[in-house]
Amino acid sequence: DSTVLVWYRMSIALVGILGFIVVKQNFKLRRKAFKIKFIFIGFVVAAHWICFFEAIKVSNVSVTLACLSSASLFVAVLEPLFYKRKIIFYEVLLGALVIVGLGMIFNFEPQYSLGIVLAITSAFFAAIFSTVNGLFVREASPSVISFYEMVGGVVGISLYLLIMQPENGIPIPSQTDLIYLLILGLICTAFAFVISVEVLKTLSPFTSSISINMEPVYAIFLALFFFGDSEKMTFGFYSGALLIFLTILSNAWLKSRLKTTP
């Protein structure tokens, strides 16, 4: 179940990050009020991952990650609101191109409609916490932010399972599943999530978000390797995905150009 999977993922990541903080850092924050904000954003992170895994279940890896690229468009809109700056025209244009790419995918892969909707919802949640973390990183270390957000996610999911599925409980994973969960929780979550917050010290949420759009490139090839024919898509899908990926290169080029041009 996607919800239980995310509960294990965030619980394992929580323990991993806590161990790192105890050894290397401390829990000092400039303002205690931020703890509550971090925990609340943890609910958003949990919702993002639940929608993400459910999208994979009802569609496949390629469709889900291609649609997740729409997070860049949401960030292009949210970042000016949170950072109180003007909307940058080319960011909106690149975000619009992502939507065109998504439209192509939707048109050529209608059987995955539910997965596409869930993946875009997941992208919206990702845009929220990515943008807000760019502000949080000014107040605390990335590991402390990540710790409290994992706490929020675990608490939120636990309450949901307790209220909505009290008879099911938390299933005990098999030994093989536990190995995969440890990899997912420690390497792909604890380490990766802290790093994703760390880069917000130097990159804007939009640049970070659009750079993460490279994830579908890696994932499509890995999915083809691991899952074979179930991940083979139509030419229209790959055309839409290519358009999305080209926006990544365009963003990098434009930012480089604008920094070196008077």
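Along the sequence shown, residues carry numbers from 1.
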Side chain to side chain contact (heavy atoms under 4.5 Å, CB included), that's the test. Do Ile36 and Tyr148 meet it? Break it down for me.
CA-CA 8 Å; Ile36 303 301; Tyr148 283 110; over 6 Å; no

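- At least one donor-acceptor pair under 3.5 Å links the side chain of His48 to the backbone N or O of Ser122.
- The closest side-chain heavy-atom distance from Leu243 to Val100 is below 4.5 Å.
- Between the side chain of Thr64 and the backbone N or O of Val61, no donor-acceptor pair lies under 3.5 Å.
- The aromatic rings of Phe38 and Phe136 sit perpendicular to each other, their planes meeting at more than 60°, with 30° as the lower class boundary.
- The minimum heavy-atom distance linking Cys67 with Ala123 is given by the pair O-CB, 4.2 Å.
- Side-chain contact of Thr176 with Ser174: a donor-acceptor pair under 3.5 Å is absent, judged by distance alone.
- Criterion: ILVMFWY side-chain heavy atoms under 4.5 Å apart, direct or through other members. Under it, Phe129 and Leu203 are not part of a common hydrophobic cluster.
- Taking all atoms of both residues into account, the shortest heavy-atom contact from Ala119 to Ala55 is N-CB, 3.8 Å.
- Glu79 CD to Thr131 OG1: the interatomic distance, rounded to the nearest 0.5 Å, is 6.0 Å.
- Hydrophobic cluster membership of Val117, counting Ile, Leu, Val, Met, Phe, Trp and Tyr whose side-chain heavy atoms lie under 4.5 Å apart directly or via other members: none, as it forms a cluster of its own.
- Contact record, Phe74 with Ala127: CB-CB, 3.4 Å, taken as the closest heavy-atom pair.
- Put simply, the side chain of Ser143 never gets that close to the backbone of Ile21: no donor and acceptor are under 3.5 Å apart.
- Rounding to the nearest 0.5 Å gives a distance of 9.0 Å between CG of Leu246 and CG of Leu97.
- You'll find the side chain of Lys86 stays beyond 4.5 Å of the side chain of Pro80, heavy atoms only.
- Note: the hydrophobic cluster containing Phe226 also contains Val63 (ILVMFWY, side chain heavy atoms under 4.5 Å, direct or indirect links).
- Closest heavy-atom contact between Thr189 and Leu184: OG1-O, 2.6 Å.
- In terms of hydrophobic clustering, with Ile, Leu, Val, Met, Phe, Trp and Tyr side chains grouped at heavy-atom distances under 4.5 Å, Met10 and Leu159 are assigned to a common cluster.
- Shown here are the ring-ring contact (aromatic ring centres under 6.0 Å, His included) partners of Trp49, two or more places apart in sequence or in another chain: Phe193.
- Scored by the ring-ring contact (aromatic ring centres under 6.0 Å, His included) test, Phe53 finds no partners at all (sequence neighbours excluded).
- Atom CD1 of residue Ile12 and atom CG of residue Leu178 lie 6.5 Å apart, to the nearest 0.5 angstrom.
- Residue Phe40 places its CZ atom among 12 or fewer non-hydrogen atoms of other residues, nucleotides or ligands, all under 6.0 Å distant.
- Sequence neighbours left out, not one pair with a member in residues 155-191 passes ring pair (Phe, Tyr, Trp, His ring centres under 6.0 Å).
- Here the closest heavy-atom approach between residue Cys51 and residue Phe125 is recorded as SG-CE1, 4.1 Å.
- The only option from Val45, Val44, Val75 that meets the side chain to side chain contact (heavy atoms under 4.5 Å, CB included) definition with Ile128 turns out to be Val44.
- Under the 4.5 Å side-chain heavy-atom criterion for Ile, Leu, Val, Met, Phe, Trp and Tyr, Val58 and Ile50 are members of distinct hydrophobic clusters.
- Atoms CD1 and CG, from Ile116 and Leu68 in turn, are 13.0 Å apart once rounded to the nearest 0.5 Å.
- Linking Ile, Leu, Val, Met, Phe, Trp and Tyr whenever their side-chain heavy atoms come within less than 4.5 Å puts Leu222 and Leu65 in one cluster.
- Smallest separation of non-hydrogen atoms from Ile145 and Ala140: CD1-O, 3.7 Å.
- Between the Ser130 side chain and the Pro205 main chain, no donor and acceptor come within less than 3.5 Å of each other.
- To the nearest 0.5 angstrom, Leu14 atom CG is 11.0 Å from Ser146 atom OG.
- Take Tyr8 and apply the ring-ring contact (aromatic ring centres under 6.0 Å, His included) test, not counting sequence neighbours, and it matches no residue.
- In this structure, NZ in Lys37 is found 9.0 Å from CG in Leu135, a value given to the nearest 0.5 Å.
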Going through the checks in order, is the side chain to side chain contact (heavy atoms under 4.5 Å, CB included) test met by Glu54 and Thr3?
CA-CA 9 Å; Glu54 195 61 30; Thr3 305; over 6 Å; no

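- Applying the salt bridge (Lys or Arg N to Asp or Glu O under 4.0 Å) test to Glu198 and every residue at least two apart in sequence or in another chain returns Lys201.
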Chi angles and distances behind the side chain to side chain contact (heavy atoms under 4.5 Å, CB included) call for Asn133, Glu149:
CA-CA 10 Å; Asn133 280 345; Glu149 289 183 352; 2.5 Å; yes

One pair to check against side chain to side chain contact (heavy atoms under 4.5 Å, CB included): Met150 and Ile17. What are the steps and the verdict?
CA-CA 9 Å; Met150 293 302 120; Ile17 295 171; 3.9 Å; yes

